[in-house]
Structures are given as structure tokens and as C-alpha cells.
Amino acid sequence: MKNKLIITLYILMLLPLLNAVAQAEGINNIDPVIEQKIDSIISLMTVKEKVGQMTQYNGSFDVTGAPSDIDSKTKLEKLKNGEVGSMLNVLTAKATREAQEVVMQNSRLKIPLIFGYDVIHGYKTMFPVPLGESASWDLEALKLSAQIAAEETAASGVHWTFAPMIDVSRDARWGRIMEGAGEDPYLNSVIGVARIKGFQGEDLKAINTIAACAKHFAGYGFAEAGRDYNTVNVGESELQNAILLPFKAASEAGVATFMNSFNEIDGVPATASTHLQRDILKRDWDYKGFMVSDWGSIAELIPHGFAKDKMQAGKLAVVAGSDMDMEGRVYEMALEPLVADNQIDEKLLNDAVRRILRVKFALGLFENPYKYSDEKREKEVLLSKENLEASRDIARKSIVLLKNEKGMLPLKKSLKSIAVIGPLADDKDAPLGNWRAQAIKNSAVSVLEGIKNAVGKNTQINYAQGASLGMGERSFLMPLTINETDTSGFTEALEAAKKSEVVVLVVGEDAFQSGEGRSQTTIKLRGVQQELIDAVAEVNSNIVLVLMNGRPLDISKPNEQVSAILETWFLGSEAGNAIADVLFGAYNPSGKLPVSFPRNVGQEPLYYNQKNTGRPSSDMVTYSGYQDSSREALFPFGFGLSYSTFEYGNVSLDAKDFSGEGMLNVSVAITNTANVAGKETVQLYIRDLVASRTRPVKELRDFKQILLEAGETKTVTFTINSKTLEFYSANAKWEVEPGDFEIMIGTNSVDLQTVKITYE
Ligand code: BGC
């Protein structure tokens with residue numbers, strides 16, 4: 001009896017601890033049995049084999065045929081010797097199986113390879129580019145799109161995507177702004193987590209889930225002047241509160257891997273930053289997955305001027321906590337001699353290998369290294385009807401209605417004639433976006449096709465391209481040529497515009513104007529597109545401008561020339577159908593901008609969550625503004641219209657203050673005053689009025705989406721607790737500092753009602 005009591009007491013004492021362990025998610029949920037297995041594998045490994053696990057190769061070789069050059073032969077030999085732990089860009093069930101066989105049949109320890117690939121917005125079925133998809137603010141839809149991408153990827157034998165990119169990005173010049181969720185840390189956090197959950201599912205071992213990768217750690221989106229790979233200089237407060245917030249959320253959500261970044265930050269390249277990788281990620285956040293370098297970023301420590309040679313680069317990176325070398329070819333030559341020379345402790349290798357094996361175990365690769373490489377499944381899953389339907393659904397949810405005057409939209413299907421004009425109007429390739437993985441060239445539904453599918457026979461469609469935009473082949477690595485001169489198609493376009501009731505004018509960017517290495521100093525419509533708009537506006541005043549682009553554009557001039565504007569990003573496989581759904585009212589637009597649209601490039605980086613400065617306003621020149629431009633966005637963060645109109649009632653609080661772990665509720669009633677059902681995204685922002693580190697004038701902290709029937713009213717209630725108000729303070733910790741806060745609620749980051757509360 002006594003023994004029983006002692007055991008019960010013991011269990012009760014342990015309970016909180018057990019709970020704490022059980023609460024860790026994903027890769028952070030440590031299984032002691034697996035850890036023991038990892039221990040025994042590590043105890044069998046030579047230093048060379050450990051370095052092998054830390055080495056990732058690109059897959060540009062054919063293991064089924066005779067290797068064509070010495071480099072491929074070397075790769076093959078290395079695979080056989082267990083000197084490679086991972087490969088990227090090896091695709092298809094067949095090729096992954098063959099590469100895996102090389103390792104499983106020849107290497108001493110038979111540790112399976114993990115195959116990685118950039119599945120950024122779909123594998124074969126394309127979804128909207130991440131910035132576009134983020135405009136849906138629909139976490140379930142975002143999760144589903146990642147889930148489908150994972151299913152298609154896994155069916156092709158690939159285990160791991162290098163996504164989501166959760167770099168807070170505030171500079172429209174930066175080409176990679178397209179790849180993330182925009183300028184807000186909170187939105188990047190919740191969208192990042194939704195994507196991670198979509199990719200990884202409940203169980204990484206399932207054959208339709210893959211490991212995700214939170215990238216780029218850290219600061220990549222803060223490149224000076226929006227120039228890719230450029231220097232980043234931020235202090236600890238901005239680093240923690242803005243840049244790292246989404247990464248902290250990703251770590252807590254149990255993302256399987258992290259990727260470091262190309263940039264330096266405060267004088268230290270991220271790849272060699274102990275502060276970021278060891279201190280913050282692995283110590284403070286207790287992260288258990290592994291860190292892969294970005295492509296060649298360990299070798300790039302040399303041109304950074306941080307390492308004199310590969311030996312030093314390898315040492316710096318491994319000490320800092322970079323666990324796997326992606327195509328840098330540094331670890332494979334440097335780590336063994338560094339250990340032999342006692343320049344680094346072998347324990348560093350053990351730690352890296354343990355993390356990598358943990359992910360391989362989590363994926364179930366030790367049970368069956370070929371489980372994902374199934375050619376039959378591959379055929380069934382890719383580009384299925386259901387996947388395309390899901391793509392169309394999230395595509396239409398991602399469209400943002402920026403302007404709608406004269407009741408231009410939705411268009412009536414009874415229109416007698418519609419002109420469809422523009423370089424992108426019948427482009428079946430651009431909507432596939434830049435990181436298009438295995439998308440089939442020219443496979444997207446164009447806007448012209450979508451409109452034709454939507455209208456009846458009685459509507460005359462007058463199509464004319466007007467002018468081209470990008471010229472020549474689209475290539476991931478090579479620069480794009482823009483048509484700057486050829487306006488020979490204008491005449492036909494003007495004829496089409498003249499004889500039509502309405503013009504749908506499709507302009508914007510080529511898909512290869514945004515993406516890696518695609519920074520620009522201009523964010524206006526490039527080529528002859530503005531001239532085309534000018535000419536068409538002369539002959540027809542009923543213009544709906546349909547934009548396709550991967551970054552915020554300066555559309556100040558077109559905004560004055562047209563009656564309606566739809567921001568459609570690059571929407572993926574079903575782009576044209578999704579756009580037609582919105583144009584003709586089959587879907588009532590609900591997207592909201594995840595990034596501010598500036599008035600001109602000179603305002604960049606422009607973001608709503610800026611600081612107040614010591615001189616916010618004045619009648620004189622001595623304030624923080626411009627003499628030649630407003631400092632406000634043309635279309636602010638969170639902005640997006642609907643065919644419904646939403647009226648907000650007065651915001652009410654159930655208490656004016658709270659303390660400690662308490663909370664209060666803030667509510668607002670919203671009425672759809674239009675005669676069409678619609679979806680509204682109700683946004684909650686806070687402002688910490690006085691703090692030990694200055695805080696932004698507004699910070700998004702919550703949002704809710706509601707569906708309202710015509711005439712319907714619903715009350716939305718947000719709960720505010722210490723989590724809502726906390727920040728990384730001057731005490732170097734996440735906490736709420738007592739004091740006054742503004743709570744703002746509204747339909748976008750500008751049109752807000754404000755109430756004050758106090759945290760005591
Ligand atoms: C990019 C990464 C990407 C990697 C592998 C790098 O150039 O910065 O985001 O995952 O290549 O393709």
C-alpha cells in the first residue's frame with residue numbers, strides 16, 4: 001500500500017514534466033528509443049562517415065547510365081562509400097530509388113539518403129506564389145496547398161522541401177519578396193506554421209508528408225537596398241521582434257529543418273553565426289532538428305572576407321552550428337583534417353549527425369528507405385483533378401480587389417463584347433510563377449481562356465496582346481530580356497478596345513522578374529506596358545486592370561487611369577479560371593494585401609509597422625517625411641475590397657485593464673450591408689505606447705475571417721492576454737511591460753478604431 005502511494009506521488013510529481021515533454025511538437029518531440037538507436041549508429045561511424053552525413057550533393061548525374069564525366073564518377077564513388085548524406089534535385093520515384101540503391105547496396109552502414117527539393121508553391125500542380133497565397137489570409141487553405149504539394153512531392157520520392165520561406169520582407173525591390181508572406185512578422189509566423197503543418201502533417205512517417213525547412217535563418221529579407229544577397233545591419237531588438245518571430249514559431253511548431261542564409265548580419269555571415277544558430281536556435285529555443293546551409297554558403301564565407309580558405313570556412317560553420325553543407329564542398333575536405341588536428345571537437349560532428357539522423361528516423365527511412373519512391377502512386381497523385389480544383393480555390397481566395405469604381409466589377413456575363421488585352425492576357429506560362437518546381441511549361445489556364453470558359457456564346461471576345469513583355473526563353477538562372485521598344489501590336493489592341501464594351505487589360509511582371517537574384521531598382525510596369533495603358537485609356541474608359549506580379553508595384557499612374565484593379569500575383573495552374581471567377585462574381589473577392597503597395601520606389605522599404613520616430617509630423621519640413629511624396633502607402637497592408645460592403649460597429653471592451661496571466665475581450669459587430677454574401681478579414685493591431693525598446697506604431701497580433709450573408713451581422717471577439725502584448729524587451733526576454741496599450745480593430749492597417757487598455 002505504502003509503495004503504491006509512493007509510486008502515485010512520484011507519478012504526480014513527474015506529470016508536469018511528462019506533459020512538458022509531450023507538448024513538444026514535431027521534431028522537438030524526442031523519442032528516447034530512437035535516440036538510443038542514433039547513439040549506437042554514431043558509435044559505429046568513422047569520422048569520414050560522419051562528415052558524409054553532413055554533406056549534401058546536387059543530383060545532376062545519372063546513376064542509371066555511365067557517368068559522363070569525372071565529377072559524376074566521383075559523386076557515384078562517394079555515394080557508394082557513404083560519404084554523402086543527402087541530395088537535392090534528384091527527382092521522380094525512379095531516380096530517387098536508384099540513387100538510394102547505390103547507398104543501400106554499397107555503403108558500409110547503409111544510412112539512407114534524404115532527398116531535398118525546392119517545393120515552394122507546388123510540385124506539379126502549381127499554387128499561387130507564396131506572397132500571393134498569403135493574401136488569402138486563409139490558414140486552412142494555405143495548409144491544404146502545402147499538404148497537396150507534399151503529397152505530390154512525396155509521391156516522386158522526395159522527402160524534404162526547402163520551404164516555407166519566412167523571411168519578413170519589406171522591400172519591393174527584392175525579387176524574393178515573392179517567396180514569403182510579406183512585411184509582417186505575425187502574419188509570417190501564422191502562415192509559416194500553417195505551411196509547416198501542411199507539409200509535415202501529423203506524422204512525418206506517412207507516405208504523403210514531407211519534412212519542411214524554415215528559411216533563411218536569418219535576416220535575408222532585410223538586404224540593404226533590396227539587392228539580393230546584400231549586407232544586413234539590424235540590432236538585437238529588430239532581429240528578435242521582427243526577423244526571428246516567425247522562426248521562433250516555426251521552431252515551436254516542430255519544423256524538421258532550418259536553412260541558414262547567404263547574408264551577413266552585423267558583420268557576421270549568418271552561416272558562421274554562433275549567436276543565431278547555437279545560442280538562439282539550439283540553446284534558447286531548444287531546437288532539435290538540423291540546420292542545412294544555403295547553396296554553397298559555407299564556401300561563400302571566403303568572398304565575404306570572413307574566412308581565408310575552405311579549412312577556416314568549415315571550422316567556422318561547424319562551430320557555429322551549420323549541420324549540413326549544401327553543395328559547398330567544404331565539409332567533405334575540411335572536417336576530417338580539422339578533427340585529426342584537434343582543431344575542432346568531434347562532438348560537434350556527433351551533434352550534427354544526431355540531428356540529421358533524427359530527421360531520417362522521423363521520416364521512417366530506416367524502416368524502408370524506398371517507401372516514398374513508388375512509381376504507381378506517382379502517376380495517380382500528380383496533377384489530379386482534385387489537386388487542380390484545390391489550386392483554383394486558393395487562387396481565387398488570393399486575389400485582392402484594389403479598386404472598384406463605377407460598379408465596374410463584377411462584370412455581367414450578358415456583356416456583348418469584352419476586349420482582353422495585354423502581354424500577359426493569354427500567357428499560359430507566367431502564372432506558373434518563378435519557383436515552379438516540376439510544373440509543365442505553358443500549362444496554366446490563361447486569363448483569356450478563363451474568360452472564354454466563363455462567358456456564353458453571345459459575348460464577343462476581342463483579344464489582342466498589344467505588346468510582349470519578357471522575351472526569349474524563361475530560364476531560372478539567366479537574366480530576362482524585356483521588350484522596351486516594340487509597340488507594333490498597339491494598333492490591333494486599340495481596335496479591340498474600341499469595339500468592346502469593357503477592356504480587361506492584363507499587365508504586370510514576367511514570372512522571371514521576381515525570385516532569387518531578381519532584384520530591380522524600378523517597380524513600375526516595365527517595357528512598353530504603361531504606353532499600352534495610356535493608349536487603351538484614350539479609346540475606352542471601362543478598363544479593368546488585372547495585375548500579375550511577384551512584388552508590390554508602383555501603380556500610381558494606372559490607378560488614375562482605370563476604374564477597377566485586381567491584384568492576381570502569379571496564381572498557378574488554374575490562374576485564368578480563378579481570375580474569371582472573380583471578374584464575373586462567381587467568387588466574391590476576399591484577399592488582403594500582405595505587403596504595402598508604395599506610391600513610388602523611393603519610399604522603399606515601406607511597411608506599415610514602422611516606428612513613430614521623434615518627429616512624426618509637423619507643418620514645417622522638420623519631420624520624418626518626404627518633400628515630393630506622401631510617406632503613406634498607395635494601398636496599405638491588410639487592404640482589399642469586396643463586392644460586399646462591411647460596416648463596423650463600435651469596438652467594445654469587457655474590461656479596461658488586466659494583469660499577469662489575466663485577459664480581456666474586445667468585440668465588434670460587423671454588418672454586410674450589400675446584397676451579396678462576402679468574406680471579411682477582421683484585423684487586430686496593438687501599439688505599446690511606452691516601452692524599454694521603441695515599438696512600432698501598429699503591430700498585427702490577430703485576425704479572424706468571417707462569412708456574412710447579405711444583410712447579416714456578426715460579432716467578432718478577440719481575447720487579449722499577455723501573449724498578445726509581449727515583445728522582446730531590453731531585458732533580453734519576451735515579456736509584457738506594464739503600461740498603456742492601444743488596441744486597434746478594422747478592415748485594414750489604416751481604417752481602424754482605437755481603444756486604450758492598461759496592463760498592470
Ligand atoms: C536558395 C535556397 C534554395 C537553395 C536550393 C539557394 O540558392 O537561396 O532558398 O533552397 O538554393 O535550391
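For this chain, numbers begin at 1 and follow the sequence in order. When reading the values below, keep in mind they use all heavy atoms of this one structure, side chains included, and skip hydrogens, waters and symmetry mates. Each ligand, and each atom within it, is numbered from 1 in the order the structure gives.
- Residue K205 holds its NZ atom at 7.0 Å from NZ of K371, rounded to the nearest 0.5 Å.
- Contact analysis puts M326 in contact with ligand 1, with a non-hydrogen atom separation below 4.0 angstrom.
- Summary of contacts: the protein heavy atom closest to atom 5 (C) of ligand 1 is D118 OD2, 3.2 Å.
- Salt-bridge formation is not detected for the pair E378/K94: no Lys NZ or Arg NE/NH1/NH2 atom is positioned less than 4.0 Å from an Asp or Glu carboxylate oxygen.
- For ligand 1, the atoms sitting less than 4.0 Å from at least one non-hydrogen atom of D294 are 1 (C), 2 (C), 3 (C), 4 (C), 6 (C), 7 (O), 8 (O), 11 (O), numbered in the order shown with element in parentheses.
- Within the structure, ligand 1 has F262 among the residues with a heavy atom less than 4.0 angstrom away.
- Between the side chains of Q277 and S322, at least one donor N or O sits under 3.5 Å from an acceptor N or O.
- Each of the following atoms of ligand 1 lies closer than 4.0 Å to a heavy atom of R176: 1 (C), 2 (C), 8 (O), 9 (O).
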Before giving the answer on ring pair (Phe, Tyr, Trp, His ring centres under 6.0 Å), spell out for W285 and F247 the whole-Å C-alpha distance, their side-chain angles and the decisive distance to 0.1 Å. CA-CA 10 Å; W285 300 349; F247 288 98; 7.7 Å; no
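- For ligand 1, one of its N or O atoms has an N or O atom of K215 under 3.5 Å away.
- Residue contact annotation: H216 has a non-hydrogen atom under 4.0 Å from ligand 1.
- Within the listing of ligand 1, atoms 2 (C), 10 (O) sit less than 4.0 angstrom from a heavy atom of M259.
- Applying the 4.0 Å criterion to heavy atoms of F162 picks out, from ligand 1, the atoms 10 (O).
- Neither the backbone nor the side chain of N89 comes within contact range of ligand 1; no heavy atom lies under 4.0 Å.
- No side-chain N or O of T125 forms a donor-acceptor pair with one of S573 less than 3.5 Å apart.
- Every N/O-N/O distance between W295 and ligand 1 stays at or above 3.5 Å.
- R278 has a carboxylate O that lies under 4.0 Å from a charged side-chain N of D351, or vice versa, which qualifies the two as a salt bridge.
- With no hydrogens or angles considered, no side-chain donor-acceptor pair links N260 and D294 at under 3.5 Å.
- Geometrically, ligand 1 and E179 share no nitrogen or oxygen pair separated by less than 3.5 Å.
- A salt bridge links R474 with D510: the closest approach of a Lys/Arg side-chain nitrogen to an acidic carboxylate oxygen falls below 4.0 angstrom.
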